[in-house]
Amino acid sequence: MAIAAEHEREAKDRRSVTCMGRRLGGIVETVLGLVLIAIVLINVANAAGRYLLQAAITGTDELMVFAMVFIVVAGAVLALVRRAHIAIDLLPTYANARLRVAIYCFHDLVTLAATAYAAHASWIYVQKIARLGTESMTLGIPMVFPHGALFLGFCAMAVVAGIYLVRDAATLLGLLPASTGKGGKR
Amino acid sequence: MIATLAALPLVLLASGLPVFLVFLAAVAATLAFVLPMPPLVLQQVVFGGLDNYALLAVPFFVFAGDLMGRSGIAGRLIEWVLALTGRVPGSLGVATIGASAMMGAISGSSAAAVAALGKTLYPRLAAAGYGRERSAGLLASSGAIDIVIPPSIAMILYGLAAEQSIPRLFLAGIMPGLIIAGLMASYIIFVAARAGIPRTDRFDLGRILETSKGAAWGILMPVVVLGGIYGGFFSPTEAGGVAAFYAMLVARFVYRSMSWREIVAAAAESAILSAKILMIVATAGVITWILTTKGVPQSITAWLQAMDMSAAEYLLCINLLLLVTGCVLDPTSAILVLAPLLVPVAASLGIDPIHFGVVMTVNLAIGMFTPPFGLNLFVAQSVTGVPAHALYRGVWPFVVVQVVALLVITYVPALSLALGGTQ
């Protein structure tokens with residue numbers, strides 16, 4: 001009885017974590033949408049200002065590009081969580097359940113290694129430009145921020161890959177039911 | 001280096017790992033174990049790849065295309081094209097091709113066009129006597145036109161990768177896009193006449209006027225986008241922003257088919273799709289950078305010069321290479337990795353880089369629906385519900401038709417360069 005209750009409590013915890021994750025994903029998604037709309041409006045205001053008022057808004061190009069970097073980093077992390085990146089996923093699609101989980105474990109491992117290396121490379125670079133105090137050309141934004149976004153993105157991807165690796169490995173070893181081990185959209 | 005930049009990516013790609021992670025893993029392995037380069041090169045080139053104002057065109061055009069599909073602009077355009085082609089034999093098939101070309105002139109996203117057209121036209125095509133296989137095949141293949149007709153995301157990326165003028169590439173894509181559409185329409189008319197498929201409609205001026213009125217805002221969109229670029233009012237990147245803004249206004253205030261909440265949801269989905277594309281752009285850039293600094297394009301050029309290959313032979317080899325590549329790799333990745341390697345060789349053989357860009361784009365567009373891995377096949381399969389083996393049978397005639405179009409476009413450069421630049 002006590003073991004069953006403990007399993008039920010664990011399952012409930014997992015469900016609430018998943019629910020929280022989904023809600024957080026939804027919030028990030030909405031922010032990304034609003035940022036994209038803001039970039040569109042800035043772009044139109046800039047083009048219109050140039051022709052109608054003969055005055056371009058200074059620094060908008062830089063601002064839009066940095067906002068795009070934010071969209072790319074946050075969107076890429078979200079797509080990784082949902083396992084929705086562009087891939088030729090015929091092998092996982094047609095593999096049987098056990099082989100599929102084994103392939104996912106392999107993917108998780110490669111993702112973890114690649115993004116951890118990228119985060120390491122990114123960190124070295126961010127430290128360097130922080131020491132130099134580099135700023136952007138027109139707005140004077142410290143370049144640590146846009147570069148740091150990429151660093152944080154790689155870190156987040158490594159964390160996501162690590163969590164998936166643990167879950168997929170547990171599923172492969174039979175410690176978790178297949179549905180729990182999947183994680184995200186597959 | 002061959003092991004980490006060629007063999008490893010192939011294995012990872014085949015295993016189903018996301019494309020950007022395939023590139024990232026290949027670069028990480030090369031920098032960690034093969035080349036004596038500091039790791040910070042990775043951050044520098046990835047960030048440099050994204051720190052590019054022209055790339056903003058990608059999220060802009062993706063967003064414009066998404067709004068077009070959700071707001072009903074696409075549906076109204078389809079009805080308009082149907083009214084125009086009512087008297088032609090195989091009119092429904094011709095309308096599908098025409099609607100695809102119209103959608104290509106607005107968004108430039110092939111998969112989005114296949115999804116939007118498939119939902120509306122597949123039931124009608126199947127019921128009109130085209131059969132499930134041929135209908136699904138037509139829908140999957142008609143999406144290729146979208147990639148070639150401007151504005152085209154594939155051409156924007158080619159322009160960036162090969163350092164070519166994007167407005168010139170857009171102009172160069174018009175005639176080839178129309179040739180593909182014309183050949184496909186001819187084939188469909190032939191099929192309809194042979195199979196005795198009845199004409200869906202009569203010529204009805206009242207209906208044409210009525211549908212024109214409904215689709216006017218959609219028809220005006222390519223005029224605004226392309227007219228703005230070639231009238232010198234804005235750059236291709238700004239044109240993307242204007243297209244998205246225009247689509248938002250039409251969806252919210254003219255057709256009143258979308259709420260602000262739905263527009264934000266469409267923007268969010270477009271942002272995530274753009275992130276997926278741009279992560280590939282950023283990571284592919286590092287591979288290209290490594291290959292370029294190691295002199296790989298120069299080695300290929302020297303090798304081809306030693307083989308004494310003519311421009312025509314080179315183009316034939318490129319067509320074969322890209323058709324195969326297009327079957328297994330999406331156009332974005334293929335263009336970003338291959339263009340910097342192949343364009344210098346093409347230039348050394350006297351091939352115009354603008355014409356070469358059109359040839360690359362058409363090749364990869366065909367790959368989008370060539371069995372077994374073409375992306376549009378998966379989209380068509382999910383929209384129509386036609387099984388893969390049946391879809392493959394339905395799509396083959398259109399592969400042949402488009403390969404014929406490709407050969408014409410490849411060996412008659414004037415078709416691309418008449419509008420796209422000087423020969």
Side-chain angles (χ1 to χ4, degrees), chain A residues 29-37 39-44 46-47 50-51 61-62 64-66 68-69 71-80 82-93 103 106-107 110-111 113-115 117-118 120-126 128 146-147 150-151, chain B residues 12-21 24-25 27-28 31-32 38-44 46-47 50-53 55-56 59-60 63 233-234 237-238 240-242 244-245 248 263-280 282 328-330 332-333 372-373:
Chain A
E29 202 173 331
T30 306
V31 172
L32 289 181
L34 291 171
V35 172
L36 179 55
I37 292 173
I39 301 176
V40 168
L41 296 177
I42 293 170
N43 173 74
V44 172
N46 199 26
R50 204 171 55 230
Y51 284 100
D61 290 4
E62 217 167 63
M64 287 191 284
V65 169
F66 289 164
M68 181 180 69
V69 171
I71 286 180
V72 172
V73 171
V77 174
L78 206 57
L80 189 69
R82 293 172 181 175
R83 306 243 187 200
H85 271 287
I86 297 168
I88 303 159
D89 54 357
L90 281 186
L91 190 62
T93 306
I103 293 167
F106 172 65
H107 286 178
V110 174
T111 307
T115 51
Y117 182 85
H120 162 69
S122 194
W123 177 240
I124 298 173
Y125 193 87
V126 169
K128 205 163 201 167
H147 279 281
L150 206 53
F151 164 68
Chain B
L12 296 178
L13 206 62
S15 79
L17 188 72
V19 178
F20 97 89
L21 286 168
L24 195 64
V27 167
L31 291 178
L40 55 82
V41 161
L42 193 150
Q43 166 80 7
Q44 209 170 0
V46 166
F47 188 83
L50 292 175
D51 187 12
N52 188 337
Y53 175 73
L55 276 183
L56 277 164
F60 288 164
F63 185 30
F233 293 106
F234 33 74
T237 307
E238 284 175 332
V242 171
F245 181 67
M248 266 199 293
I263 289 173
V264 173
E269 212 164 287
S270 305
I272 293 172
L273 176 59
S274 305
K276 293 179 205 172
I277 296 171
L278 294 177
M279 272 314 280
I280 295 175
V328 293
L329 206 59
D330 64 291
T332 306
S333 319
F373 302 126

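So that the names make sense, note that chain A is the first sequence line, chain B the second, and so on, each numbered from 1. Keep in mind the model is a prediction, meaning the values are calculated, not measured.
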When rounded to the nearest 0.5 angstrom, what distance separates [atom1] in [X] from [atom2] in [Y]?
X	Y	atom1	atom2	answer
Y117(A)	L31(B)	OH	CG	4.5 Å
I71(A)	L278(B)	CD1	CG	9.5 Å
L40(B)	K128(A)	CG	NZ	5.0 Å
I272(B)	L36(A)	CD1	CG	11.0 Å
F60(B)	N43(A)	CZ	CG	4.0 Å
D61(A)	E238(B)	CG	CD	7.5 Å

| said: Could you walk me through whether D51(B) and V69(A) satisfy the side chain to side chain contact (heavy atoms under 4.5 Å, CB included) test, starting with their C-alpha distance in whole Å, then the side-chain angles of each, then the deciding distance to 0.1 Å, before giving a yes or no? | reply: CA-CA 7 Å; D51(B) 187 12; V69(A) 171; 5.6 Å; no
| query | Yes or no on side chain to side chain contact (heavy atoms under 4.5 Å, CB included) for L12(B) and F106(A), after CA distance, side-chain angles and deciding distance? | reply | CA-CA 10 Å; L12(B) 296 178; F106(A) 172 65; 3.6 Å; yes
| message | Only pairs of heavy atoms separated by less than 4.5 Å count here; which of P59(B), A32(B), A282(B) has the most with chain A? | response |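 Top option by heavy-atom pairs under 4.5 Å: A32(B).
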| task | For each of L50(B), V46(B), V19(B), L17(B), tally heavy-atom pairs with chain A at distances under 4.5 Å, and name the one with the top tally. | result |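 Ranked by contacts with chain A, first place is L17(B).
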| said: For the interface with chain B, which of L78(A), L80(A), V40(A), L91(A) has the highest count of heavy-atom pairs at distances below 4.5 Å? | reply: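 If we count pairs closer than 4.5 Å to chain B, V40(A) comes out on top.
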| query | Under a 4.5 Å heavy-atom cutoff, which of A118(A), A79(A), A114(A), G75(A) has the most pairs with chain B? | reply |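 Maximum pair count with chain B is reached by A114(A).
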Restricting to non-hydrogen atoms, name the atom on [X] and the atom on [Y] that form the minimum distance, rounded to 0.1 Å.
X	Y	result
S15(B)	I103(A)	O-CG2, 3.6 Å
M64(A)	L56(B)	CB-CD1, 3.6 Å
A121(A)	P39(B)	CB-O, 3.1 Å
I37(A)	A267(B)	CG1-CB, 3.7 Å
V110(A)	A25(B)	CG1-CB, 3.8 Å
L24(B)	T115(A)	CD2-CG2, 4.1 Å

| Would you say H147(A)'s side chain and Q43(B)'s backbone share a donor-acceptor pair under 3.5 angstrom? |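 Answer holds: no.
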At a heavy-atom separation under 4.5 Å, does [X] approach chain B through its side chain, its backbone, both, or neither?
X	result
A47(A)	both
I39(A)	both
V44(A)	side chain
I86(A)	both

With a 4.5 angstrom heavy-atom cut-off, could you sort out which part of [X] is near chain A: side chain, backbone, both or neither?
X	value
A266(B)	neither
I280(B)	side chain
Y53(B)	both

| request: Carefully, step by step, assess L55(B) and M68(A) under the rule side chain to side chain contact (heavy atoms under 4.5 Å, CB included). | output: CA-CA 9 Å; L55(B) 276 183; M68(A) 181 180 69; 3.9 Å; yes
